[in-house]
Student: 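For reference, the structure I am asking about is given below.
Because only heavy atoms are used, hydrogens play no part in the values below, and waters and symmetry mates are left out as well, while side chains stay in.
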Amino acid sequence: MPRQARDIAKISPRPDDAGRWPDWAETKRVDDGLCLEAYEATPPKCRTSVKAGIALTFMRFGQCAGLTREERQDASGGYWLQKESFPAPWAVVAFTPAYTAAARLTAACVPARMAGVPLLGAVCVDGQPSAQALVSLELCGVEDIFVLNAPELCALLEETLPGPGRLVLLHEGELDSALRAARALGVPCQEERRPPALAAPDPSVFDLELLSFSQGKAIADALEPANPVAPAALYLTARAARGHCRRHGPHHADSLALSPGCEGFWLHPGLTPDFFRVSRMAFGPMP
């Protein structure tokens, strides 16, 4: 894989004491040559856009600590509280060959790296990943990329040690069997089940090639002025985006506003570094 991409990602390396994938998964890895081919065939501006999305994600969430401990004592109440938080042992981001939204795949992977997950894998189910997906994974520093069928993905969730880890599904219903398996195994799961609704009132101020690379087929509806769906994101001029944050009232209240230069950035609702961390608490009476 292109080494220069790993230098740019600036994401913490995987520790030596990481968990491990099942041995059989090693035969299912995506060929490095496909990753290199996709990377070199992608226009530099598209790669730069993904890097900007990574930087904006760090700006949004900041760097997480690997292991945190907190202990409090309430002398007046007579009780103590202890909390500990640490990265989940592994995480899998699964998607389909039709998934071509580089920004949204990046938004699924970077929080796991920020949380300090030591073993992060990407699984494309029932086919080779798109070029957009391969470039996104390369720039996110995800080196473990597999092509599995649906039963193999379920087996991966069951057999990867230690567990449970975390699962993110990017699909439109094709990966429901993995969702059911995760629930049965107690693996916490987040999913994007449909492409987000987008709106671009003035598309002329954006690079449409970047928007297409970042959002895949979802961008087509954003260019339709009569789209009746409330958008998850608005592509606006910088001035209009600032005004969106100051506007009060229900109109597009929860929409993300993105200005030119942020085409490669995305936030999945509820998918934060905290999702990829394990938290434990203990309570007891003071002696």
Student: Looking only at heavy atoms, what is the nearest atom pair of Ala197 and Ala230, with distance?
Tutor: CB-O, 3.7 Å
Student: Measure across Ala115 and Pro87 and return the closest heavy-atom pair with its distance rounded to 0.1 Å.
Tutor: O-CG, 3.3 Å
Student: Looking at every heavy atom in both Arg113 and Cys140, which two are closest together, and how far apart are they?
Tutor: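 Nearest heavy atoms, Arg113 then Cys140: NH1-O, 3.2 Å.
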Student: Mind checking what makes salt bridge (charged side-chain N to carboxylate O under 4.0 Å, His left out) contact with Arg72, not counting sequence neighbours?
Tutor: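 Residues passing salt bridge (charged side-chain N to carboxylate O under 4.0 Å, His left out) with Arg72: Glu70.
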Student: Report yes if the side chains of Gln190 and Leu271 come closer than 4.5 Å at any heavy-atom pair, otherwise no.
Tutor: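 They are in side-chain contact.
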Student: Which is it for Val92 and Val168 under the side-chain contact (heavy atoms from CB on, under 4.5 Å) test, yes or no, and what are the steps along the way?
Tutor: CA-CA 6 Å; Val92 169; Val168 179; over 6 Å; no
Student: Do Thr237 and Ser259 have side chains that get closer than 4.5 Å, going by heavy atoms?
Tutor: no
Student: Nearest heavy-atom pair of Met286 and Ala75: which atoms, and what distance?
Tutor: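 Result for this residue pair: SD-CA, 3.8 Å.
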Student: Answer yes or no: is there a side-chain heavy-atom contact under 4.5 Å between Arg104 and Leu170?
Tutor: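 Arg104 does not reach Leu170 side chain to side chain.
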Student: Main chain of Pro44, side chain of Thr48: is a donor-acceptor contact present, judged purely on distance under 3.5 Å?
Tutor: yes
Student: Holding to ring pair (Phe, Tyr, Trp, His ring centres under 6.0 Å), I want the full list of residues that pass it with Phe275, two or more places apart in sequence or in another chain.
Tutor: none
Student: Just so I know, are the side chains of Ser212 and Lys217 near enough to count as touching, which here means a heavy-atom distance under 4.5 Å?
Tutor: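 The answer is no; the side chains never approach within 4.5 Å.
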Student: Could you grab the distance from atom CG of Asp202 to atom CG of Leu234, nearest 0.5 Å is fine?
Tutor: 13.0 Å
Student: Side chains of Arg239 and Arg242: does their closest heavy-atom pair fall under 4.5 Å?
Tutor: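 Arg239 vs Arg242: side chains apart.
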Student: Between Leu56 and Met59, is the side-chain contact (heavy atoms from CB on, under 4.5 Å) condition met? List the steps.
Tutor: CA-CA 5 Å; Leu56 286 164; Met59 180 180 179; 4.2 Å; yes
Student: Look at the side chain of His244 and the backbone N and O of Leu256, then say whether any donor-acceptor pair between them is shorter than 3.5 Å.
Tutor: no
Student: Are any of the side-chain heavy atoms of Cys109 and Val142 separated by less than 4.5 Å?
Tutor: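 Cys109 vs Val142: side chains touch.
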Student: Please report the closest heavy-atom contact between Glu26 and Arg29, naming both atoms and the distance.
Tutor: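 Closest approach of Glu26 to Arg29: OE1-NE, 2.7 Å.
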Student: Once rounded to the nearest 0.5 Å, what's the spacing between atom CD of Glu143 and atom SG of Cys35?
Tutor: 10.0 Å
Student: Between the side chains of His171 and Glu191, is a donor N or O closer than 3.5 angstrom to an acceptor N or O?
Tutor: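 His171 vs Glu191: donor-acceptor pair found between side chains.
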Student: Does Tyr235 have any ring pair (Phe, Tyr, Trp, His ring centres under 6.0 Å) partners at least two apart in sequence or in another chain, and if so, which?
Tutor: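 Result, ring pair (Phe, Tyr, Trp, His ring centres under 6.0 Å) vs Tyr235: Phe206.
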Student: According to a hydrophobic-cluster definition based on side-chain heavy atoms being under 4.5 Å apart (Ile, Leu, Val, Met, Phe, Trp, Tyr only), do Ile145 and Leu105 belong together?
Tutor: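 Linked, Ile145 and Leu105 end up in one cluster.
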Student: Please check if any side-chain donor atom of Tyr99 sits under 3.5 Å from a side-chain acceptor atom of Glu172, or the reverse.
Tutor: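 No, Glu172 and Tyr99 have no side-chain donor paired with an acceptor closer than 3.5 Å.
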Student: Rest of the hydrophobic cluster containing Met281 (Ile/Leu/Val/Met/Phe/Trp/Tyr, side-chain heavy atoms under 4.5 Å)?
Tutor: Leu81, Phe283
Student: Leu169 vs Glu192, test: side-chain contact (heavy atoms from CB on, under 4.5 Å). Steps then yes/no.
Tutor: CA-CA 6 Å; Leu169 298 176; Glu192 175 196 271; over 6 Å; no
Student: Taking CG in Asp23 as the centre, count heavy atoms belonging to other residues, nucleotides or ligands within less than 6.0 Å. Is the count above 12?
Tutor: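 12 or below, so no.
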Student: Do side-chain atoms of Thr160 reach the backbone of Leu157 as a donor and acceptor pair under 3.5 angstrom?
Tutor: no
Student: Taking atom types as modelled, find out whether Ser130 and Thr100 have a side-chain donor-acceptor pair closer than 3.5 angstrom.
Tutor: no
Student: Can you check whether Cys189's main-chain N or O pairs, donor with acceptor, with Arg166's side chain at less than 3.5 Å?
Tutor: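 No; judged by distance alone, with no hydrogens or angles, the pair does not exist.
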Student: Going by heavy atoms in the side chains, are Leu236 and Val205 under 4.5 Å from each other?
Tutor: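 Answer no - side chains too far apart.
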Student: Could you check whether Glu84 pairs with Arg69 (Lys NZ or Arg NE/NH1/NH2 to Asp/Glu carboxylate O, under 4.0 Å)?
Tutor: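 Salt bridge present between Glu84 and Arg69.
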Student: Hydrogens and angles aside, do Glu159 and Trp21 bring a side-chain donor and acceptor to less than 3.5 Å of each other?
Tutor: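 No, Trp21 and Glu159 have no side-chain donor paired with an acceptor closer than 3.5 Å.
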Student: Can you list, pair by pair, the side-chain donor-acceptor contacts under 3.5 Å of residues 120-129, counting residues two or more places apart and other chains?
Tutor:
none

Student: Are any of the side-chain nitrogens in Glu263 or Lys45 under 4.0 Å away from the carboxylate oxygens of its partner?
Tutor: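 Looking at Glu263 and Lys45, the cut-off is not met.
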Student: Okay, side chain of Arg277, backbone of Ala88: is any donor-acceptor separation there less than 3.5 Å?
Tutor: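 No, because the side chain of Arg277 does not come within donor-acceptor range (under 3.5 Å) of the backbone of Ala88.
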Student: Looking at every heavy atom in both Cys154 and Ala181, which two are closest together, and how far apart are they?
Tutor: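 That would be SG-CB, 3.7 Å.
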Student: How many angstroms lie between CG in Asp274 and OG in Ser85, if you round to the nearest 0.5 Å?
Tutor: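 Separation between the atoms: 7.0 Å.
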Student: Looking at Asp176 and Arg193, is any side-chain nitrogen of the basic one under 4.0 Å from a carboxylate oxygen of the acidic one?
Tutor: yes
Student: I need the Phe146 CZ to Trp24 CH2 distance, nearest 0.5 Å.
Tutor: 8.5 Å
Student: Working to the nearest 0.5 Å, report the span between CZ of Arg60 and CZ of Phe265.
Tutor: 8.0 Å
Student: Does CD belonging to Gln82 count more than 12 external heavy atoms closer than 6.0 Å?
Tutor: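 More than 12 heavy atoms, drawn from other residues, nucleotides or ligands, come within 6.0 Å of this atom.
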Student: Clusters formed by hydrophobic residues whose side-chain heavy atoms approach within less than 4.5 Å: which one holds Phe86, and what are its other members?
Tutor: Leu67, Val278
Student: Any side-chain donor paired with an acceptor under 3.5 Å for Thr42 and Arg47?
Tutor: no
Student: Answer yes or no: is there a donor N or O on one side and an acceptor on the other, between the side chain of Ser49 and the main chain of Gly264, under 3.5 Å?
Tutor: yes
Student: Given 3.5 Å as the limit, does a donor-acceptor pair link the side chain of Trp266 with the main chain of Thr106, or not?
Tutor: no
Student: Determine, step by step, whether Glu71 and Lys83 satisfy the salt bridge (Lys or Arg N to Asp or Glu O under 4.0 Å) criterion, reporting the C-alpha distance in whole Å, the side-chain angles of both residues, the deciding distance to 0.1 Å, and the verdict.
Tutor: CA-CA 6 Å; Glu71 185 167 344; Lys83 295 193 295 185; over 6 Å; no
Student: Say whether, by atom type as modelled, one donor and one acceptor occur between the side chain of Glu152 and the main chain of Asn149 under 3.5 angstrom.
Tutor: yes
Student: Before you tell me yes or no, could you show the steps for Phe61 and Thr272 under side-chain contact (heavy atoms from CB on, under 4.5 Å), namely the whole-Å CA-CA distance, both residues' side-chain angles and the distance that decides it to 0.1 Å?
Tutor: CA-CA 8 Å; Phe61 295 115; Thr272 71; 3.8 Å; yes
Student: Examine Leu153 and Leu119 and state if one hydrophobic cluster contains both, with Ile, Leu, Val, Met, Phe, Trp and Tyr joined whenever side-chain heavy atoms are less than 4.5 Å apart.
Tutor: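 Yes, because Leu153 and Leu119 connect within a single hydrophobic cluster, where side-chain heavy atoms sit under 4.5 Å apart.
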Student: When you compare the side chain of Pro196 with that of His268, does any pair of heavy atoms fall below 4.5 Å?
Tutor: no
